[in-house]
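Okay, structure first, notes after.
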Amino acid sequence: MIPAAFEYDRPTTVAEAVDILARNPGTAKVLAGGQSLLGLMRLRLARPERLVDIGGLAELRGIRALPDGGLAIGALVTYREVLDSALATSRVPLLAMAIADIGDVQVRNRGTVAGSIAHADPASDMPAVVLALEASLVVRSGSGERVVNATSFFEGAFVTDLAEDELLTEIRIPAQPTGVGMAYRHLEQPASGYSIVGAAAVVGRTGGSITTARIGVTGVADAAYRASAVEAALIGTDGGAAAIAAAAAHAAEGVAVGSDIHADAIYRAEMARVHVRRAIEAALGAAG
Amino acid sequence: MTTDVLGSPVKRVEDPRFITGKGRYLDDIQMTGMTYMAILRSPYANANIRSIDTSAAKAMPGVILVLTGADVPYNPLPMAWPAGGSSGVQNNINMPRALATDDVKWTGEGVAAVIAETPEQAADAVEVVHVDWEPLPAVVDTEGATQPGAPQLHENAPNNVVFVWTVGDKAGTDAAVDAAEVVVRQRIVNQRLIPNPMEVRGDIGLYNPGTDEYTVWMSSQTPHIQRLLLTAFVTGIPEHKVRCISPDVGGAFGTKIFCYADMALVMLASKLIGGRPVKWVETRRENYQSTTHGRDHVTYLEIAGKRDGEVTGLRVKTYANLGGRLSTIGPGVPTTLYARVLAGCYKIPNVYCEVTGVYTNTTFVDAYRGAGRPEATYVIERAMDLFAAEIGMDRAAVRRKNFIAPDAFPYDNPSGLGTAVNGEKIYIDSGNYEPALNKALMTVGYDDLDKAKAEARTRGKHLGLGLSTYIEVCGVAPSKWIGAVGEGWGAAMWESANLKVHLTGKVILTMGTQPQGQGHETTYSQIIASELGLAMDDIIVQHSDTLGTPFGYGSYGSRTSSVGSTAAIKAAGKVREKARRYAAHMLEASVDDIEVVGAEYRVKGSPEKKKTLQEIAFALDLGFSLPEGMEPYLDETAYHDTPNCTWPFGTHIAVVEVDEDTGKVDLVRYVAVDDVGNKINPMIVDGQLHGGIAQGVGQALWEEAIYGDDGQLLSGSMLDYALPRASWMPNLELDETVTPSPVNPIGVKGVGEAGTIASTAAVANAVIDALKPFGVRHLDMPFTAPKVWRAMQSQEVRS
Ligand SMILES: Cc1cc2nc3c(=O)[nH]c(=O)nc-3n(C[C@H](O)[C@H](O)[C@H](O)COP(=O)(O)OP(=O)(O)OC[C@H]3O[C@@H](n4cnc5c(N)ncnc54)[C@H](O)[C@@H]3O)c2cc1C
């Protein structure tokens, strides 16, 4: 459980950090809370030659209110800070619903939301959440800043749109439509606590029929995804139990459902349906 | 105040140091000149080694020594408990080596060792040891390994069979099964577990070139035994030249009973590098791959009986996976420790069991909390439920009908389960099973079960209740039996205690047992405080060092409170007696006139004429004035060989809810009525039960060591091996009945394993009860959500 030797940098500005990344292509790794990276290094499954510790980048700290009613979460914001933030929990209750169950106290105290998104573990919870919230991700490199929609960020298991010389600096969550309800439902893999299936729902009705339905699903496939077939089937219905169940039946449509020692594909797909249904029901229950 | 300390829930004297991070575990030990060992482990489950090239490793920075199997002059590690002991059962023995020489039999077997200046350098260098491997097909399946066509592990073990051992009455049982009104048959699997003590294993070897002596610190349950095994069997170094020390041990669950390669390697390495200390601490991953595993049985059970509920026969055939080579007492666990208690607390007239020990390309299997008895309890308690279901009788009523009657003790199983070679026997010492069952049923509200099930349905849950009316055996004994039958280490099983009352009146009790977190320092202090009328603060308990500790067999098998405590009581008795004789001398009275009241030694009839134990010790230890023939110092040693094992029992009841959509099982209630005899410290008893129950629940619901067909351990870390969490446990509703054991003076039985032995079957029976509406008769553990969900689906989805 001893990592292979590595160089260590602790830059003090984002510019400096991305410069180090650019000068060490393929060999440097960003270190945030270390909750995923250090475990891999201790098993020598990851052996970066250089760690760029972003812990000193004051620019990446804090949760800001966006003028449109949304939220900006800096890359160094830990799970704990989200849970403790009245701003975050009131504007976007979905965050805390998912985070409360992640890891344990130590993991939540050190692990960052951005780190989870950048790492893109196919069983992690945050990807489903940012998908359902239609968040966008702010990314910086030596050649400037770009903003990526979450829907085009997660490409595969541990693979994202992020290039090797890029730093994820901020997560921007737009204001959510008025009257929507949010919920997160998941089934934990008992050993790791990660999700065999996780479903995040942002759902709302206008005048008796569903007008907003955004469902993010994690754990089921290589990468978290928007369950668009579910959303399409739900929109325009009355949001009654039958309509929800019928819509949720599409939860694993169009993805290659994964299989491992903890859950085979048949079970996973069924759990996607169950948890998407439960998340929609709970979200509608919470809606105004 | 001191008189009632025995039996009261005194807070543990160990805890201040343990819970403030002041414990001193193996890895806390620092020494000048310390070097660090890392072990290269086989990446293959079955492979030949063509050659090993250590040159690159030797050239790495900080490397002092690189060892391969060819460099180790020692014998293989001993296997001390063959199946059947000395009865002549054929055992095809293959013992582990300190390092592999020409082949490996499981992923994780040690192949080379690097000793370096820092742990980092050792870890780096071990990576560049180059092994030229010839990988071979592997077999990991317990039953499959014995079938034709399976890869063969060892030349001396055709069909990978270690032994075939039987116990009981074959003819009688065959006849009972043939003639029975009802026979229920079921194949059941007791899956492999990884024991997971919080502190992993480790050792430090220190050779003294000046004296040619060795000191070995080890995270072990058995430092005395390890000295014996390492000297007499492995290294050939004379026993008196080796000192073994166990510092604080952070959990063990059986895994630290055994003799391991690393112990010998740190000794050899320290000698080869001129006497610098060599430290080795395993990683959690190594612990998963190369410290012993537990359980792993495949069993075919047949239970026979009458429609009125009387059980007339039990026939059992078990395949027990022992891994790639045999651990120290591997074969003893699925034989004597398992099959001799297969009939549980029931009066079953005809019992027969055949056990086949099996080699597979997996980590060796040995005693794990309960060792054989959880496996036996699982078989008989599943069998009782299957039988009750078959004849349509209430599960509690079937159990009640078959209990051994309270007046039938000492009980000798009629089929001879307790009878070993030469006709030597062990008996069930005592028991009264029905009150515990009744109490547990009452507490859980058994009569309202249907109502509870209906209520759960309104919440989308299927509720189930499971019973486990268990017995267990503590403290394998007596030595006479072991001597006659050659089982149980093939060594005696007494215990030792030395008690010194020093000049200042402070007391040091030195024990041959070895705690791993159980609280021995507290319970022994309570006993001595009570025996000598002293405050616990005036007593300290020492253990764990072969220098200055009387020889002892260590702690496992819930033996300490029965066997160790009795040794301590005997030593206290000797101290009291000598103090009484000396008091008579001091008070110029006759010995017969001295009465002992607490710590006071008084002349009968003249209570003002008295001496305290402290005053006596002061004078006697100085020895200025000694009666004729009396030696100075209040220092007594006692050895105790218990006349029999002790047999705790009780009823555990689990209530579970299964989610109808996901198959997820929640344990919602747990009631346990245990009879562990008298209690030295009821709080410690509860603690042992809490942990033990959680561990057994873990097996039922979550834990499973999973190997791929190629022999890779897929559940190779805590990310994939699910241990129970505190938040998953309901409040445990504990209660008791008290049937003191007749075999020791304080009537204790032992409780280290009871929780684990009882709980797995209770939870399994509860889950299967919950699945009754789906026509499920049996399902194998662990009851993970996917498995339970599948069992609830239609036939098409299931297959
Ligand atoms: C015991 C345990 C339990 C856990 N349980 C759960 C769970 O139930 N659900 C769940 O979803 N997760 C779980 N996790 C994972 C945890 O959520 C993540 O490890 C954590 O959030 C990652 O953030 P970090 O700051 O620690 O990232 P690090 O470990 O420091 O980094 C992770 C990866 O992301 C990269 N990275 C980090 N920040 C940036 C950035 N700003 N820009 C570019 N790249 C970056 C790193 O280079 C690295 O590759 C668990 C982890 C542990 C240790």
Side-chain angles (χ1 to χ4, degrees), chain A residues 1-6 35-36 39-45 47 100-101 103-105 107 121 123-124 185-199 219 241 245 248-249 251 257-279 281, chain B residues 36 38 61 116 118-124 126-127 194 200 281-287 460 659-665 698 701-708 712-728 782-790 792-793 796-798:
Chain A
M1 301 294 265
I2 298 172
F6 54 86
Q35 295 304 294
S36 286
L40 290 170
M41 289 172 62
R42 284 160 60 88
L43 292 170
R44 300 197 171 198
L45 294 171
R47 335 175 51 123
D101 258 8
D104 49 34
V105 174
V107 170
D121 186 315
S124 60
R185 288 291 181 274
H186 70 141
L187 180 70
E188 286 192 353
Q189 193 261 76
S192 69
Y194 282 70
S195 291
I196 288 177
V197 166
V257 179
S259 173
D260 61 25
I261 57 170
H262 302 290
D264 63 23
I266 293 176
Y267 181 71
R268 256 205 174 75
E270 175 64 13
M271 289 309 103
R273 295 186 278 271
V274 168
H275 288 84
V276 164
R277 169 168 62 71
R278 289 179 175 182
E281 282 168 357
Chain B
Y36 300 86
T118 69
E120 291 80 7
Q121 289 168 335
D124 285 346
V126 95
E127 283 192 325
I194 301 177
V200 291
V281 178
E282 68 182 350
T283 65
R284 183 62 65 177
R285 185 150 287 223
E286 283 181 295
N287 176 269
D659 185 286
E660 64 179 6
D661 291 333
T662 64
K664 184 168 178 289
V665 179
L701 296 184
W702 305 293
E703 297 185 39
E704 182 171 29
I706 301 173
Y707 281 95
Q712 294 299 323
L713 181 59
L714 301 178
S715 54
S717 79
M718 287 184 186
L719 279 175
D720 289 304
Y721 185 90
L723 291 167
R725 300 180 189 203
S727 61
W728 298 344
F783 302 108
T784 61
K787 188 187 281 182
V788 171
W789 177 82
R790 189 165 286 265
M792 294 193 294
Q793 305 309 305
E796 306 89 86
V797 182
R798 264 192 256 171

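Please read these numbers as outputs of a predicted model, since none were measured by experiment. Letters A, B, ... mirror the listed sequences (proteins, then strands); counts begin at 1.
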*So, for B:Ser715 and B:Glu704, which heavy atoms are closest and what is the spacing to 0.1 Å?*
OG-O, 3.4 Å

*Pick one of side chain, backbone, both or neither for B:Thr662, based on which atoms fall under 4.5 Å of a heavy atom in chain A.*
both

*Where B:Phe783 and B:Val788 come nearest, the two heavy atoms and their spacing*: CB-CG2, 3.8 Å

*Side chain, backbone, both or neither: which part of B:Ile706 has a non-hydrogen atom closer than 4.5 Å to chain A?*
side chain

*With respect to chain B, which residue among A:Met1, A:Arg273, A:Arg44 yields the maximal number of heavy-atom pairs within a distance under 4.5 Å?*
A:Arg44

*asked:* Restricting to non-hydrogen atoms, name the atom on B:Asp720 and the atom on A:Ala191 that form the minimum distance, rounded to 0.1 Å.
replied: C-CB, 3.6 Å

*asked:* Quick one, B:Val200 with B:Thr283, criterion side chain to side chain contact (heavy atoms under 4.5 Å, CB included). Give me CA distance, side-chain angles, the key distance, then yes/no.
replied: CA-CA 7 Å; B:Val200 291; B:Thr283 65; over 6 Å; no

*Segment of A:Arg42 engaging chain B (4.5 angstrom heavy-atom cut-off)*: neither

*Between B:Ala785 and chain A, which part of the residue has a heavy atom less than 4.5 Å away: side chain, backbone, both or neither?*
both

*asked:* Can you tell me which portion of A:Leu43 sits under 4.5 Å from chain B's heavy atoms? Options are side chain, backbone, both or neither.
replied: side chain

*Checking B:Glu286 against chain A: side chain, backbone, both or neither under 4.5 Å from a heavy atom?*
neither

*Side chain, backbone, both or neither: which part of A:Arg278 has an atom under 4.5 Å from a heavy atom of chain B?*
side chain

*Contact summary for B:Lys787 and B:Pro782, nearest pair of heavy atoms*: NZ-O, 3.2 Å

*A:Val197 and side chain to side chain contact (heavy atoms under 4.5 Å, CB included): which partner among A:Gln189, A:Arg185, A:Met271?*
A:Met271

*With a 4.5 angstrom heavy-atom cut-off, which part of A:Asp260 approaches chain B: side chain, backbone, both or neither?*
neither

_Rounded to the nearest 0.5 Å, what separates atom OH in B:Tyr721 from atom CD1 in A:Ile261?_
11.5 Å

